[in-house]
Number of protein chains: 2
Amino acid sequence: MLDPNKNTIPRWVSLLYRYSQMYIGDRLKHFDIGRGQHIFLNSLYKEDGLTQEELSSYLKIDKGTTAKAIKKLEQQGYVTRKLRDDDKRSYHVFLTAKALEIREDVRAVLVEWRNILSQGFTEEEKQQAQLLLERMGTNAAHYIDTQKDQAGVCDESPHGR
Amino acid sequence: MLDPNKNTIPRWVSLLYRYSQMYIGDRLKHFDIGRGQHIFLNSLYKEDGLTQEELSSYLKIDKGTTAKAIKKLEQQGYVTRKLRDDDKRSYHVFLTAKALEIREDVRAVLVEWRNILSQGFTEEEKQQAQLLLERMGTNAAHYIDTQKDQAGVCDESPHGR
DNA sequence: ACTAACTAGTAGCAAATGCAACTATCTGAC
DNA sequence: GTCAGATAGTTGCATTTGCTACTAGTTAGT
């Protein structure tokens with residue numbers, strides 16, 4: 001019999017990801033903000049005026065995906081784009097008044113979700129969880145980025161690191 | 001109370017999820033196993049002969065998604081389905097010899113990924129990470145399932161779109 | 001100044017995913 | 001038994017996502 005509680009890290013990660021998308025998507029759908037957009041909106045709430053390239057690299061999301069998400073947010077009136085003066089290839093993405101209006105509501109959803117996830121955690125455990133996730137994320141990002149740089153270079157040693 | 005610096009758990013989760021999909025998908029693509037299938041294959045390696053419904057509920061993945069993934073695995077010759085005798089609505093999903101042949105390779109990919117994620121972790125930290133993820137996953141599952149049970153009971157506002 | 005290499009963003013495709021509507025089977029209340 | 005409601009699975013649709021190829025603007029080497 002499969003024991004749902006005993007499993008690998010990748011399975012928990014994928015479960016947490018899908019549930020997060022469900023929860024956040026559900027809580028934001030009355031703003032017409034879909035599952036693909038909230039992550040960008042939240043990044044802009046942290047720092048307005050980022051370029052698409054900066055959003056992509058911060059979130060580690062493909063630039064094509066970013067372009068489509070930003071395009072949709074723009075069509076919905078949540079952001080505007082302004083061509084940079086000093087580099088006509090790139091755009092600054094700015095939040096509109098409409099986006100700023102719902103800022104606290106949107107951020108609150110994330111805080112609520114975080115609280116649901118860490119229910120029953122001590123403050124110390126919350127910090128520990130955040131830290132460990134961060135370290136795993138950094139490890140993953142570092143590995144993937146390294147691989148990408150070496151794409152085409154043969155065989156990797158099974159020793160890793 | 002909104003704390004702007006404490007809502008990053010969802011961001012790390014989504015990063016870890018996407019990178020996991022990339023890594024595993026990349027390492028399994030020469031078996032023609034796409035990003036959507038490996039999770040089902042691994043569940044069946046744990047326990048063969050599950051029904052689609054059991055797979056869906058174990059992985060918390062939509063039954064439509066499960067149907068499509070299993071269909072693809074069947075077309076590729078990795079699984080066969082057998083109608084249950086005692087319930088003609090459901091199918092047992094069985095691994096084929098072809099799937100069993102690559103079992104260790106496929107499982108090894110998961111182990112490798114876990115090792116990448118926990119690089120630089122002490123044994124204690126690894127266990128801690130696993131445990132905290134598990135607790136967060138359980139919290140999430142519990143919350144979402146509870147919500148689902150209550151859907152339609154009280155609200156059901158016919159307001160969509 | 002020229003041009004090759006690089007970079008930001010876009011477009012098109014295919015796969016994956018969730019949801020809702022549907023079919024077929026099963027269960028339980030009567 | 002019969003029929004309403006639940007359950008397993010399928011299908012169609014819309015959204016999201018990553019990849020690759022492409023355009024246009026920028027940088028650096030000569």
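Here is the naming used below: chain letters follow the sequence lines, and residue numbers restart at 1 for every chain. All values below were derived from every heavy atom in this structure, side-chain atoms included, with hydrogens, water molecules and symmetry-related copies excluded.
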Open item on the list: Please compare D62(A) and D86(A) by the position of their nearest nucleotide in DNA chain D and report the one closer to 5'.
Closed with: D62(A)
Task: Atom-pair distance (CG on L15(A); P on dT17(C)), nearest Å - done: 13 Å
Task: Any Y17(B) side-chain N or O less than 4.0 Å from OP1/OP2 of dT16(D) - done: no
TODO: Examine the side chains of S90(B) and T51(B) and answer whether a donor and an acceptor come within less than 3.5 Å of each other.
DONE: no
Task: N or O in side chain of Q21(B) less than 4.0 angstrom from dA15(C) OP1/OP2 - done: no
Task: Spacing of H38(B) atom NE2 relative to dA15(C) atom P, expressed in whole Å - done: 17 Å
Open item on the list: Side-chain N or O of Q37(A) versus OP1/OP2 of dT16(D): is the shortest distance under 4.0 Å?
Closed with: yes
Open item on the list: Once salt bridge (charged side-chain N to carboxylate O under 4.0 Å, His left out) is applied, do any residues pair with D32(B), and if so which ones, sequence neighbours excluded?
Closed with: none
- [ ] Taking all heavy atoms of W113(A) and all of P10(B), pick out the closest pair and write down the distance.
- [x] CD1-CG, 4.1 Å
Open item on the list: Whether R35(A) contacts dA16(C) is assessed here as follows: a side-chain N or O lying under 4.0 Å from the phosphate OP1 or OP2. Is that the case?
Closed with: no
- [ ] For K68(A), answer base if it contacts any base atom (sugar-phosphate contacts may also be present), sugar-phosphate if it contacts only those atoms, and nothing otherwise; contact means non-hydrogen atoms under 4.0 Å.
- [x] base
- [ ] May I ask you to decide if T122(A)'s main-chain N or O and E125(A)'s side chain share a donor-acceptor pair within less than 3.5 Å?
- [x] yes
- [ ] Using a 4.0 Å heavy-atom cut-off across all strands, classify T65(A) as base, sugar-phosphate, or nothing.
- [x] base
TODO: Could you tell me the separation between the NZ atom of K82(B) and the P atom of dG9(D), rounded to a whole number of Å?
DONE: 15 Å
Collect all protein-nucleotide pairs involving nucleotides 4-7 of chain C in which both atoms are nitrogen or oxygen and the distance is under 3.5 Å.
| residue | atom | partner | partner atom | Å |
| --- | --- | --- | --- | --- |
| dT7(C) | O4' | R89(A) | NH1 | 3.2 |
| dT7(C) | O2 | R89(A) | NH1 | 2.7 |

Open item on the list: Under 4.0 Å from OP1 or OP2 of dT10(D): is there any side-chain N or O of R81(B) that close?
Closed with: yes
- [ ] Whole angstrom is fine here: how far is it from NZ in K60(B) over to P in dC19(C)?
- [x] 14 Å
TODO: Would you indicate what K63(B) reaches in the nucleic acid, counting non-hydrogen atoms under 4.0 angstrom: base, sugar-phosphate, or nothing?
DONE: base
Task: Residue mapping more 5' on DNA chain C - nearest nucleotide basis, G64(B) or G34(B) - done: G34(B)
Task: Length of the NZ-P vector between K29(B) and dA15(C), whole Å - done: 14 Å
TODO: Please report the shortest heavy-atom distance between G120(A) and R135(B), naming the atom on each side.
DONE: O-NH2, 3.1 Å
Open item on the list: Categorize G36(A) for me: base, sugar-phosphate, or nothing, with a 4.0 angstrom heavy-atom threshold over every strand shown.
Closed with: sugar-phosphate
Open item on the list: Salt bridge or not between K98(B) and E101(B)? Use side-chain N to carboxylate O under 4.0 Å.
Closed with: no
Open item on the list: Could you report the tightest heavy-atom contact between I70(B) and R81(B), atom names first, then the distance?
Closed with: CG2-CD, 3.7 Å
Open item on the list: Pick the closest DNA chain D nucleotide for A69(A) and for K88(A) by heavy atoms, then say which residue is nearer the 5' end.
Closed with: A69(A)
Open item on the list: Measure CG/D26(A) against P/dT17(C) and give the value in whole Å, please.
Closed with: 20 Å
Open item on the list: If you compare every side-chain N and O of K71(B) against the phosphate oxygens of dG9(D) (OP1, OP2), does one of them come in below 4.0 Å?
Closed with: no
Open item on the list: Heavy atoms from C-beta onward define the side chain here; which of dT17(D), dT10(D), dG9(C) lies closest to that of Y91(A)?
Closed with: dG9(C)
- [ ] For Y143(A) and Y23(B), run ring-ring contact (aromatic ring centres under 6.0 Å, His included): C-alpha distance rounded to whole Å, both residues' side-chain angles, the deciding distance at 0.1 Å, then the answer.
- [x] CA-CA 10 Å; Y143(A) 177 83; Y23(B) 179 82; 5.5 Å; yes
Task: Whole-Å gap separating C1' (dG9(D)) and CG (L50(B)) - done: 16 Å
TODO: Look at all strands and tell whether T51(A) reaches a base, only sugar-phosphate, or nothing, counting heavy atoms closer than 4.0 Å.
DONE: sugar-phosphate
Task: Salt-bridge contact E123(A)-K126(A) (side-chain N to carboxylate O under 4.0 Å) - done: yes
Open item on the list: Below the 4.0 Å mark, does dT10(D) have OP1 or OP2 next to a side-chain nitrogen or oxygen of Q52(B)?
Closed with: yes
TODO: To the nearest Å, give me how far apart CZ (R84(B)) and C1' (dT27(C)) are.
DONE: 14 Å
